[in-house]
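Some notes on the structure that comes next.
Letters go in sequence order (proteins before strands), and every chain restarts at 1.
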There are 2 protein chains.
Amino acid sequence: MPRPSAPAAGPRRARRTTTDEIVRRVTAAITEHRLPPGTKLGEESLGEAFGVSRTKVREALFQLAQLRLVTLLPARGAFVAQPTVREAREVFAARRILERAVVAEFARAPAAAQLAAVRAHVAAEREAVAANDLWARSRLLGEFHVLVAQLAGNAVVADLLRELVSRTSLITLLYQTASASVCSAEEHAELVRCFERRDAKRAVALMLEHLEHVERSLALRADEPAAVDLRSALAAAKA
Amino acid sequence: MPRPSAPAAGPRRARRTTTDEIVRRVTAAITEHRLPPGTKLGEESLGEAFGVSRTKVREALFQLAQLRLVTLLPARGAFVAQPTVREAREVFAARRILERAVVAEFARAPAAAQLAAVRAHVAAEREAVAANDLWARSRLLGEFHVLVAQLAGNAVVADLLRELVSRTSLITLLYQTASASVCSAEEHAELVRCFERRDAKRAVALMLEHLEHVERSLALRADEPAAVDLRSALAAAKA
DNA sequence: GTCGGACAGATCGTATACAATTCCGCGCGA
DNA sequence: TCGCGCGGAATTGTATACGATCTGTCCGAC
């Protein structure tokens, strides 16, 4: 009897909605800086919040742990991750590696429709900045990088980058300095202009500069976890 | 009341053993080509095999799905993934991007102990090849790339690469030609010699060549899933 | 003879229940 | 006053139970 050779992983692929929905919403909450690093994510609390039971919450937390957005402590629960300085630097290094290649590829031959898409995205970024919508701003600034990767035509790389971008959001929140707030939207806009000119070389340079700019704007000096967070938490009090 | 700032994600980090153990063992089974693509992974069967209950198996399957080693069909079950040709090409492209950078970094200034480690690894590869131990061979050939990434000092990149290497194992099995069997161990050995000479440029060239060599040895011609598998399954009969 | 619908079996999805571990506050003693 | 040990409450870890969905087969109709 020959093996069934799997039921053709065809059209229907979307999971119900619930588990991935929880992952999506918690991810959004973390990357949009609504859930600060170190926040405890109790299973019962989350279940109550989403109207589902612990079983489902647990699965979502496991997935989030694999994305490195939450840390699971064996019998103590789930917490929003607190990337170390070392990890932060490594994430930026990884992004430089991937995005250099992505930008070079995309700038080589962007289709008109693709250029329109990135232009529209930058417009949305500017809108969020103008409206002072911090949540949308965080989300859009990150999604820009994922969008470019998708348009570059490699979904695998785009997925890897999505993960790294999420982690970057966490890092940004943890280590941002008071004066930080890089105006990334304009840097994105300049990048888009390079795309329009098919200027791959300059696009790559700009992207690397952009990432280094973001990294340098952070306080990545301490060597261990984040005593920073404790202090700021003590100073700023209530979340 | 200031937030507890998380219970110091300190020393103890290892998860119990069970869930990750299942993930590890199934991953090994897949990457060592003991579980062919398309194999159904029933929850009850796996639970029985590992002596745990479905709850735990499900968590493991979810993690494996995120690693893209298994495909979850909504109400039908889990199957060993069958990467498409497109996905296969994208995985190789992603690996070229990452490994080019990894090799360049590592070849720049490898420590003596690190060189010893990679030499030892290649020796183990040769041993497995000589002993005709196909399982160990598959594992070691993949782990070489992860090892180099780890030694290059970026754990984040190493983790990304580990995932890609696992997926490559699956791809290799799915699309290998009868005459395939690239003798990667010798290519690894030559790479190590470049490391010893700190010849970064040639090391990068060799690595890219090596990856392209592996990719070209596969039958990545068809555009859709793998009718190949069906035929071979019908021909070869029993697993 | 082939196609369409319905039933039965099996498997997955979700919730609930119980056991194990941890955390927190209290009391005791030095 | 501080350290240490000890319950009680809360939370996590695991298993089981029940409902929903799908697969495969059988039967009847065209």
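- Between the CG atom of A/Leu61 and the P atom of D/dT11 there is a distance of 15 Å, rounded to whole Å.
- For A/Gly77 and A/Thr55, each mapped to the nucleotide of DNA chain D holding its nearest heavy atom, the one lying further toward the 5' end belongs to A/Gly77.
- Comparing atom distances between the A/Arg54 side chain and each of C/dA15, D/dA15, C/dA17 picks out C/dA17 as nearest.
- Listed pair A/Ser53 / C/dT14 fails the phosphate criterion, with no side-chain N or O lying under 4.0 Å from OP1 or OP2.
- In this structure, A/Ile22 atom CD1 and C/dG13 atom C1' are separated by 13 Å, rounded to whole Å.
- Heavy atoms from other residues, nucleotides or ligands lying under 6.0 Å from CD of A/Glu212 number more than 12.
- A 4.5 Å side-chain heavy-atom check between A/Leu218 and A/Thr177 finds every atom pair outside the cut-off.
- Straight-line distance from the CD atom of B/Glu59 to the C1' atom of C/dG13: 14 Å, rounded to whole Å.
- Closest to the B/Glu43 side chain, of the nucleotides C/dT11, C/dG13, D/dT23, is C/dG13.
- In this entry the distance linking CD of A/Glu48 with P of D/dA10 reads 14 Å, nearest Å.
- Between B/Arg76 and the phosphate of D/dT23, there is a side-chain N or O to OP1/OP2 separation shorter than 4.0 Å.
- With rounding to whole Å, A/Phe79 atom CZ is found 13 Å from C/dT22 atom P.
- Proximity note for A/Lys56 (side chain, C-beta onward) versus D/dG13, D/dA15, C/dT14: the nearest is C/dT14.
- By the 4.0 Å N-to-carboxylate-O rule, B/Glu125 lies too far from B/Arg137 to be salt-bridged with it.
- Residues A/Glu215 and A/Arg89 form a side-chain contact, since some pair of their non-hydrogen atoms from C-beta on lies under 4.5 Å apart.
- Between D/dG13 and A/Arg58, a contact under 4.0 Å exists linking OP1 or OP2 to a side-chain N or O.
- Between the CD atom of B/Glu44 and the C1' atom of C/dG9 there is a distance of 13 Å, rounded to whole Å.
- Considering only side-chain atoms of A/Ala75, the nucleotide from C/dC12, D/dT11, C/dT22 that sits closest is C/dT22.
- A donor-acceptor contact closer than 3.5 angstrom is absent between the side chains of B/Arg139 and B/Thr31.
- Between A/Glu21 atom CD and C/dG13 atom P the separation is 17 Å, expressed in whole Å.
- For A/Asp20 and C/dG13, the CG to P distance is 12 Å, given to the nearest whole Å.
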